[in-house]
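Counting starts at 1 for both ligands and their atoms, following the listed order.
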Amino acid sequence: MEGNGGKNNTIETWLNKHRLMYNKATQHPFILSIRDGTVNLSSFKLWLGQDYIFVREFVPFLASVLLKAWKESDDGSDMEVLLGGMASLNDEISWFKKEASKWSILLSSVAPQKANQDYCRFLESMISPEVNYTVAVTAFWAIEAVYQESFSLCLGSGSKTPIELLETCQRWGNDGFGQYCVSLRNIANKNLAKAPADVLKKAEEALLRVLELEVGFWNMSHGEM
Ligand SMILES: Cc1ncc(CO)c(N)n1
């Protein structure tokens with residue numbers, strides 16, 4: 001018997017259960033301000049500099065997920081999806097540098113703020129070999145999914161996203177990134193379906209922690225510290 005009663009839709013179940021928190025993370029006032037065109041550009045610049053630091057910390061985290069997949073996954077296609085993610089991160093770091101120079105942000109002088117430090121500390125905790133693959137890949141999916149949902153909101157019909165922010169929104173809101181998030185969710189669901197109860201509990205906690213940290217990250221950018 002599988003740990004999850006034989007179901008293969010744990011993520012959907014959790015998203016329904018935690019819908020309020022998920023919506024808080026994906027429909028944050030900062031994102032809504034981009035969508036309605038009222039965004040404060042100094043907030044956007046703050047976000048950009050902080051997210052560059054986050055994304056650099058994201059590389060060793062993803063490397064650890066890849067390592068866990070190699071050790072613990074029985075499906076070789078997981079590794080290919082994760083490797084694709086690693087390749088996009090490489091591209092993303094170049095994009096941040098280009099975007100920062102467009103906004104005259106000196107990345108080398110940006111220091112991580114408290115909410116960012118908290119998030120980076122969480123990523124580091126997930127790197128530990130004691131955290132198993134199912135938990136780490138669930139967290140990874142959640143981190144990517146929040147950005148995908150958030151930024152695709154800024155591209156929808158009726159959105160008044162300022163033209164100079166469209167490229168940012170497209171980076172995470174494009175269909176390819178959406179497909180990638182679906183692949184990650186499928187991987188998470190597949191592993192959750194065969195996970196024992198204690199692993200399920202840790203994965204659900206990791207999901208909630210990610211949502212909380214994402215809200216904190218948006219709050220920081222939006223100047224609600
Ligand atoms: C804070 C944060 N969450 C998620 C992503 C998605 O990669 C990101 N770049 N930054």
For this session: Check the pair Trp47, Phe151 against ring-ring contact (aromatic ring centres under 6.0 Å, His included), reporting the backbone distance first and the verdict last.
Result: CA-CA 13 Å; Trp47 167 80; Phe151 283 111; 5.8 Å; yes

Exercise. Polar-atom distance check: Tyr119 versus ligand 1, any N or O pair below 3.5 Å?
Worked result: no

For this session: Please work out whether any backbone atom (N, CA, C, O) or any side-chain heavy atom from C-beta onward of Ile143 is under 4.0 Å from ligand 1, and answer side chain, backbone, both or neither.
Result: both

For this session: Below 4.0 angstrom from a heavy atom of Glu144, which ligand 1 atoms are there? Numbered from 1 as shown, please.
Result: 6 (C), 7 (O)

Seminar exercise, completed: For Glu214, the atoms of ligand 1 under 4.0 Å from one of its heavy atoms are 1 (C), 2 (C), 3 (N), 4 (C)

Problem set entry | Closest approach of any protein heavy atom to atom 9 (N) of ligand 1, naming residue and atom | Asp51 OD2, 2.9 Å

For this session: Assess whether atom NZ of Lys45 is packed by more than 12 heavy atoms of other residues, nucleotides or ligands within 6.0 Å.
Result: yes

Exercise. Relative to the heavy atoms of Trp172, which atoms of ligand 1 are at a distance of less than 4.0 Å?
Worked result: 6 (C), 7 (O), 9 (N)

For this session: For the residue pair Phe140 and Tyr180, categorise the inter-ring angle as parallel (less than 30°), tilted (30 to 60°) or perpendicular (more than 60°).
Result: perpendicular

Problem set entry | From CA spacing to verdict: ring-ring contact (aromatic ring centres under 6.0 Å, His included), Tyr22, Trp14 | CA-CA 10 Å; Tyr22 186 70; Trp14 286 347; over 10 Å; no

Seminar exercise, completed: closest protein heavy atom to atom 8 (C) of ligand 1 is Tyr147 CE2, 3.2 Å

Exercise. Side chains of Glu149 and Trp172: do they bring a donor and an acceptor to under 3.5 Å?
Worked result: no

Exercise. Any side-chain heavy atom of Thr26 sitting closer than 4.5 Å to one from Tyr147?
Worked result: no

For this session: Examine the proximity of ligand 1 to Val55 and report which part, side chain or backbone, both or neither, has a heavy atom under 4.0 Å away.
Result: side chain

